[in-house]
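Notes for the one structure printed next.
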Amino acid sequence: MASLPISEPIVPDLTTKERVNASQHPELGTGPIPVEFFLSEEIFQREADEIFGRYWLVIGRSEQVRNSGDYFVYEVEVQKTSVIVAKGKDGKVRAFHNICRHRGNRVASGAGNCRHFVCQNHGWAFTMDGKLASAPDFSQFHDLDKATLGLVEINCEVWNSFIFINFDKNPAQTLIEQLGGFVEQYRDYPFESLVCGGQWSSKLRCNWKVFQDIFQEAYHVSTVHAGTFPTFYAGPINPFGRPGGFKTWGLNRSATVVYNPEYEATPIEKVAAALGTTWTDMATEGFPGSNWSNNKYFAFDINGTFPNILIDVASGFFFTHQFWPISVNETRWVGSVYFLPPRKPSELLSQEQAYILIRDAWREDLSLGEAAQLALESRAMDHVHFADSEIALRHSFEAMKQALNLDL
Amino acid sequence: MSQRLPDLFASLELYVDGGWSVATQQERNDKRCGSTLDELNAFYCAMMPHIAAVADYLNHYPLEAIPPQAARLLQLGLMLMEIAPAVEVMKSPDIPTDFARERLIIHPQIQNYKVSSVRAA
């Protein structure tokens, strides 16, 4: 494919009084958002069944199952399911319900490498591609055929090292169809070469969409992140953290976060930057696919990948935020950061600086979801309001409205 | 008492004594939040002048075989990364927030390096 001529990077006007994103996306509307969207038990139940039960969901990464026999177990509370992801002898990654076909006990826990999943109840053993290998005293079962008693499989596809599953036996869309333009944009981004060096999680008393919305905008950064990096994302050319670009790919969206070129690195950042790639690197060259908006001061793109994961792509690293619904007002958030594997000990130091910086910043975000949730539950307000810089939140709402055909 | 750090960094031995050289991010965060700002400042001021030399020294070894003395030194370097934000920006050991620290679960990191059983020369 011929590449386009490289044009001059842009420096958009991020202090204009114009509401640029709304004028480019009139289909997303400009009205207030009803709080019922976040509070309704009925909407939550429909999300659980029709969204988490029918759409492709990121469940892990191929680095977790590099070798034949590698497996991990992931609990998906919103579908009341324990999922096993395993790489078979044939090298294929599969997903199964973690349920013994005898009487329903679990056959696997945690993560590791093995030849068989063995149920701890009666010793039934399953191969890594889900077949029932052996069951003690099997002659005592009535008219059962071992070939029909394999682990129940879940649709599982891997795209560019992200492992997706779909609980629907016949998904309405292929994974590629669901991801849409996201696939073209990031086809060559080397997700497979980067590994998770830092991961954190928390169980929060808030609706999963309330917390997801906090990470889809940078408007909050100079206020919330006063203790970590108040001036990295907000400065004279972008005092309020507006996006440097925004686009949609079906139900998915991408908002560009730009950095402040007048940012002064802290002493420890200068130390780390001399040793390797860091969070506040203002690298001019990034991996292929990064910076679709061609921003001169590109920091990262927030890629809201429907329904519940943000795959945030920076020039030399990426990170994800995933929001797993537990109930209408409970969520498990998991934040993960991926860098190229360290090649030498000094890169352990430079990467740790990045992990600590962002972990502390995410800790600053953690109280926001619960505070907002309690306030919304008081029903003092019927609506919340999204500014033009919060266009990603607006698209999130419209996408869910469309997917559920909601009358809101 | 046997020497826990390479000769070049003997001046930092007292920090190994003081529990600043620990293996996991959880332990390092516990140490950070269990220290006073004065203690963090003292560790920061002691480590910062050496950190470039620490990185250079560590790079003599491959990731798969870092001798125990060098590994303790690496852990002091990782501790510096843990506490630097508290000293430089936050001016308090922990983040000022009412969200309890224990609620943010630190997942175990993949071990990116191996400690060899061979003593450094």
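Bear in mind that the values here come from a model prediction, so they are computed numbers and not experimental data. Proteins get letters first, then strands, A, B, ... in listed order; numbering begins at 1 in each.
- Pairing each heavy atom of A:Pro345 with each of B:Leu74, the nearest pair is O-CD1, 4.3 Å.
- With A:Glu364 contributing its side chain and B:Thr97 its backbone, the two residues share no donor-acceptor pair below 3.5 Å.
- Within a 6.0 Å sphere centred on CZ of A:Arg205, other residues, nucleotides and ligands contribute more than 12 heavy atoms.
- Distance check: B:Ile110 CD1 to A:Gln64 CD gives 10.5 Å after rounding to the nearest 0.5 Å.
- The residue among A:Cys196, A:Ser346, A:Gly198 with the most heavy atom pairs within less than 4.5 Å of chain B is A:Ser346.
- Around the OH atom of A:Tyr74, the shell of radius 6.0 Å holds more than 12 heavy atoms that belong to other residues, nucleotides or ligands.
- Taking every heavy atom of both residues into account, A:Ser201 and B:His107 meet most closely at OG-NE2, 2.7 Å.
- Rounding to the nearest 0.5 angstrom, the gap separating the CD atom in A:Glu352 from the CD atom in B:Glu82 is 7.0 Å.
- Judged by distance alone, the side chain of B:Gln109 and the main-chain N or O of A:Gly197 form a donor-acceptor pair under 3.5 Å.
- Contact of B:Asp56 with chain A is not made at all, since no heavy-atom distance falls under 4.5 Å.
- The shortest heavy-atom contact between B:Val89 and A:Ala226 is CG1-O, 4.1 Å.
- In this structure, CG on A:Leu348 lies 5.5 Å from CG on B:Leu63, to the nearest 0.5 angstrom.
- Heavy atoms of B:Ala100 lying under 4.5 Å from chain A belong exclusively to its backbone.
- The candidate with the highest count of non-hydrogen atom pairs below 4.5 Å against chain B, out of A:Gln353, A:Gln351, A:Lys344, is A:Lys344.
- The candidate from B:Leu58, B:Asn59, B:Asn29 with the greatest count of non-hydrogen atom pairs under 4.5 Å with chain A is B:Asn59.
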**OP:** Go through the steps for B:Gln25 and A:Arg359 under the test side-chain contact (heavy atoms from CB on, under 4.5 Å), then give the verdict.
**Re:** CA-CA 11 Å; B:Gln25 192 185 111; A:Arg359 183 205 69 202; 3.3 Å; yes
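- Inter-residue side-chain proximity for A:Thr228 and B:Met90 is flagged as met; some heavy-atom pair is nearer than 4.5 Å.
- Looking at A:Trp333, the atoms closer than 4.5 Å to chain B (heavy atoms on both sides) all sit in the side chain, from C-beta outward.
- Remark: B:Tyr44 OH is packed, more than 12 non-hydrogen atoms of other residues, nucleotides or ligands lying under 6.0 Å away.
- Contact check for A:Leu204 versus B:Arg103: side-chain heavy atoms found under the 4.5 Å cut-off.
- By the 6.0 Å contact criterion, NZ on A:Lys270 is enclosed, its count of non-hydrogen atoms from other residues, nucleotides or ligands being greater than 12.
- Scanning both residues, A:Val271 and B:Ile51, for their nearest heavy atoms gives CG1-CG2, 3.7 Å.
- The CZ atom of B:Phe99 sits 5.5 Å away from the CD atom of A:Glu370 when rounded to the nearest 0.5 Å.
- Neither the backbone nor the side chain of A:Phe229 comes within contact range of chain B, judged by heavy atoms closer than 4.5 Å.
- Counting heavy atoms from C-beta outward, A:Ile268 and B:Met48 have side chains that approach closer than 4.5 Å.
- Formation of a donor-acceptor pair under 3.5 Å by the A:Arg363 side chain with backbone atoms of B:Leu104 is not found in this model.
- Only the side chain of B:Arg28 comes within contact range of chain A, with at least one heavy atom under 4.5 Å from a heavy atom of that chain.
- Note that the CE atom of B:Met79 and the CG atom of A:Leu349 stand 13.0 Å from one another [nearest 0.5 Å].
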**OP:** Please lay out, stage by stage, how B:Arg32 and A:Ile356 fare under the test side-chain contact (heavy atoms from CB on, under 4.5 Å).
**Re:** CA-CA 12 Å; B:Arg32 165 180 161 180; A:Ile356 302 306; 4.0 Å; yes
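- Dense packing is recorded around CD of B:Gln111, with more than 12 heavy atoms of other residues, nucleotides or ligands lying under 6.0 Å away.
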